[in-house]
Amino acid sequence: MRNFRPVKSLVLLGCLLAFTIHIPAQSAAISSAEAHRRAEALLKQMNLDEKIGQMNQAAGMVIPGLGGDKPDDLIAKGGVGSVLWLIDVKEINRLQHLAVEKSRLHIPILFAFDVIHGYRTAFPVPLAMASSWDPSVEEAAQRYAGQDARAAGILWTFTPMVDIARDARWGRIVEGAGEDPYLGAAMARAQVRGFQGETVGPDSVLVCVKHFAGYGAAEGGRDYDSSYIPEELMQNVYLVPFHAAADAGAGSFMSAYMDLNDVPASGNHWLLSDVLRNQWGYKGFVVSDAFAVGSLQVHGFAKDPEDAALKGVSAGLNMDMASGTYVKNISKLVSAGKITVAQLDEMVLPILEAKYKLGLFDHPYVDESKVETTLNRPEGRELSRKLASRSMVLLKNEHNTLPLRKDLKKIAVIGPLADSTHDIEGGWTVEGLFGGGGKSHPVTVFAALKALLPGAEITAVPGPVPGKTFLGMVDQFSGGKPVPPPTPEETADWLSKVKSAAADADTVIAVMGEMASMSSEAASRASMNLPGIQEQMLEAAVASGKPVVLVLENGRPVDINWASQHVPAILEAWFPGTEGGNAVADVLFGEVNPGGKLPISWAHSAGEEPLYYNHNLTHEPEDRPNFTSRYWDVASKPLYPFGYGLSYTNFKFENLKLGKASVKAGEATEVRVDVTNSGGVAGDAVAQVYIHQRSGSASRPVRQLEGFKRVALKPGEKQTLTFTLGKNELQFWDPQTKKWVVEPSTFDVWAGEDSTATLHAELTVTQ
Ligand code: NOJ
């Protein structure tokens with residue numbers, strides 16, 4: 001398996017980490033051996049029901065339609081090892097007192113929640129943070145989020161989501177690092193480091209790497225749908241970031257919802273035991289996704305709940321999230337001799353070890369007096385703003401439309417996202433997820449512009465909230481209602497408002513994209529257009545003849561074909577978080593020079609999905625005149641390629657040199673390339689190295705990323721960057737021998753600014 005070199009993202013790291021304040025350790029970390037010793041000793045005292053209890057994760061809140069009784073009685077009997085979906089610290093402490101004081105062995109509960117991109121202060125969504133091409137962004141965000149979570153009693157987060165997503169129709173693409181295994185592995189490792197630190201200890205939040213595995217390949221991009229992935233694709237692509245996270249010490253994994261090659265992931269022995277435990281030597285524990293053990297019956301895989309529990313345990317699934325199937329059925333299975341106590345001990349041990357390592361036995365309760373001050377630390381906002389601007393991608397900038405001048409007198413700000421506090425943070429915000437919200441006070445683009453330019457006249461024309469034909473998850477839980485599309489009269493009215501605001505303005509800033517609820521779980525889209533009348537509003541603004549800047553807030557690439565031809569400047573801000581508006585303003589007015597790059601290929605339309613740069617060559621490659629593999633009605637290339645992003649300056653890449661032009665299989669060579677800031681302002685370049693194996697025992701991708709570095713360069717400054725190509729970068733899992741191999745072959749090597757880089761060298765690998 002590939003064992004990627006850590007990417008040294010030194011740029012601004014010191015500056016970013018300066019924002020994470022030191023929160024003193026509660027007690028000293030203990031070694032894995034000591035945690036193991038203590039867990040074993042405790043296990044010896046436990047009866048069968050108490051063991052089963054540790055394998056049960058109960059819902060801490062009643063979710064309409066999904067059940068969930070208050071778990072008090074069960075907790076007092078030691079029947080609950082973990083509780084999820086609870087952030088009320090008083091209730092956390094109440095339940096913890098029950099566990100610690102009333103249960104026979106006083107084992108504390110591990111409280112868990114989805115702390116995905118910040119706790120109270122939201123950082124940019126994960127897809128945005130991956131666009132920074134700077135793992136220190138993820139690390140700093142997750143370290144900060146972990147400090148908040150820990151102070152609020154959440155010691156276990158269901159992060160990172162490391163699913164490779166090659167199909168942007170899939171709503172959960174927003175939660176991961178995009179389509180590439182190398183970039184995904186770097187971002188996975190950074191998140192593990194951010195939450196857990198060097199090792200799991202009393203300052204850590206335990207991570208949960210999800211969704212193991214293949215969830216991103218759901219058929220048709222429909223969430224939860226089956227995935228069919230041959231082993232070579234699993235090994236070479238989908239499993240890569242999972243393995244990187246496991247090697248980085250990730251404390252737990254989450255099994256996915258869907259069928260993988262007809263076997264549900266939560267009952268999949270190949271995944272949970274053969275690959276994770278036996279091939280990778282993983283020592284942590286695996287929790288199912290919510291209700292997934294119960295769903296083994298829904299899949300038509302288990303005949304009843306008892307069979308579902310048997311299939312989960314037999315596959316190697318330690319903990320049942322929320323379905324109650326384990327707690328209700330395992331003792332029957334033990335009595336029937338279908339599950340042994342030794343099997344259960346193996347399942348329970350790593351759960352107890354994690355609790356010891358986290359220091360939970362020493363400090364089970366939340367210090368309620370410190371929660372609000374921790375969650376409201378002002379440095380979190382400063383960090384959020386920096387990380388957001390560092391994650392933005394400049395897609396187009398004709399005639400140097402950007403940066404804007406600060407002496408603008410009149411600005412028209414149009415679009416439904418311009419002043420939407422509900423959307424700018426994106427989905428999966430801890431306090432907003434189920435309708436709590438309201439405590440982070442997000443800054444919208446409109447609010448930020450008004451604060452930045454108090455003397456300017458800034459007019460907002462939001463237009464209608466795009467009508468929804470489907471209610472996204474956030475809305476379901478917050479009780480939101482579907483919004484009917486505007487009538488023709490309302491549409492005409494909005495468009496005339498755009499026309500007159502634009503006619504009267506020096507510049508138009510359109511803030512458009514998708515509502516936050518259109519991305520994330522159960523939020524797949526069959527079309528990727530700009531929903532509602534946004535494009536008509538954009539057309540009306542452009543028709544005014546005034547300069548128009550399009551700022552996108554969205555969780556996946558959207559169809560901006562028209563805009564890419566007619567709007568002079570386009571900035572991809574994704575869902576940039578609590579300080580998103582200020583961060584957008586920083587980039588629009590040149591305080592920050594954008595340096596983010598796309599972690600996904602940007603399709604013209606949904607019909608091209610799945611679209612990814614690291615595909616194989618076909619019988620008729622796409623650059624042939626006829627019979628090409630691509631489409632009759634759209635260009636063969638994506639609208640914007642993987643790795644793409646502009647800057648307010650220009651970079652020149654030259655002198656690509658290999659340390660050795662020929663190496664033996666298993667040896668490494670250095671790759672050097674010079675990058676110069678050839679423009680007039682300081683900026684960040686992201687150097688990217690791609691390879692292609694020309695022949696061998698399997699067809700290999702036309703290009704694959706095997707190195708990247710983000711560097712800050714002053715005008716005129718040149719740096720020589722070095723990368724390594726060795727076993728980890730050159731090997732692949734060979735479908736014929738079913739082994740990892742480095743084969744004698746000729747390799748193309750490219751270095752440059754994106755996945756279309758042309759600077760080329762040739763590497764020969766011999767036997
Ligand atoms: C379901 C989601 O698929 C998963 O990502 C999440 O962590 C769990 N629910 C818990 O909220």
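Order of listing sets the numbers, starting from 1, for every ligand and every atom in it. The structure presented is a predicted model; accordingly, all values stated were derived computationally and were not measured. Counting from 1, the numbers follow the sequence of the chain as shown.
Under 4.0 Å from ligand 1, not a single heavy atom of E175 appears. Residue contacts with ligand 1 for R172 involve side-chain atoms from C-beta outward but no N, CA, C or O (heavy atoms, distance under 4.0 Å). The proximity of H211 to ligand 1, defined as any non-hydrogen pair under 4.0 Å, is limited to the side chain.
Sparse packing is recorded around CG of D73, with 12 or fewer heavy atoms of other residues, nucleotides or ligands lying under 6.0 Å away.
Close approach to F158 involves these atoms of ligand 1, each under 4.0 Å from a residue heavy atom: 7 (O), 10 (C). Ligand-side atoms of ligand 1 in range of D114: 6 (C), 7 (O), 10 (C), 11 (O), range being under 4.0 angstrom from any heavy atom. For ligand 1 and K210, the ligand atoms under 4.0 Å from any heavy atom of the residue are 4 (C), 5 (O), 6 (C), 7 (O). Interface of E521 with ligand 1, defined as ligand atoms under 4.0 Å from a residue heavy atom, comprises 1 (C), 2 (C), 3 (O). Each of the following atoms of ligand 1 lies closer than 4.0 Å to a heavy atom of D289: 1 (C), 2 (C), 3 (O), 4 (C), 6 (C), 8 (C), 9 (N).
Residues F642 and W133 bring their aromatic ring centres within 6.0 Å.
A cation-pi arrangement is absent between K210 and W156, since the terminal nitrogen or guanidinium carbon is not both under 6.0 Å from the aromatic centre and inside a 45° cone about the axis.
Considering backbone and side-chain atoms together, Y215 places no N or O closer than 3.5 Å to any N or O of ligand 1.
Every heavy atom of M161 sits 4.0 Å or more from the atoms of ligand 1. Y257 counts as a contact of ligand 1, since one of its heavy atoms falls under 4.0 Å from the ligand.
Of the possible polar contacts, one joining the T157 side chain to the V115 backbone as a donor-acceptor pair under 3.5 Å is found. Put simply, the side chain of S384 gets close to the backbone of A122: a donor and an acceptor are under 3.5 Å apart.
Listed by chain and residue number, Y365 satisfy the ring-ring contact (aromatic ring centres under 6.0 Å, His included) test with H97 (two or more places apart in sequence, or in another chain).
Sorted by first and then second residue, the pairs that involve residues 285-298 and meet side-chain hydrogen bond (donor to acceptor under 3.5 Å, both in side chains), not counting sequence neighbours, are Y257-D289.
With V286 as the fixed residue, the side-chain contact (heavy atoms from CB on, under 4.5 Å) test singles out one of R277, M319, M347: R277.
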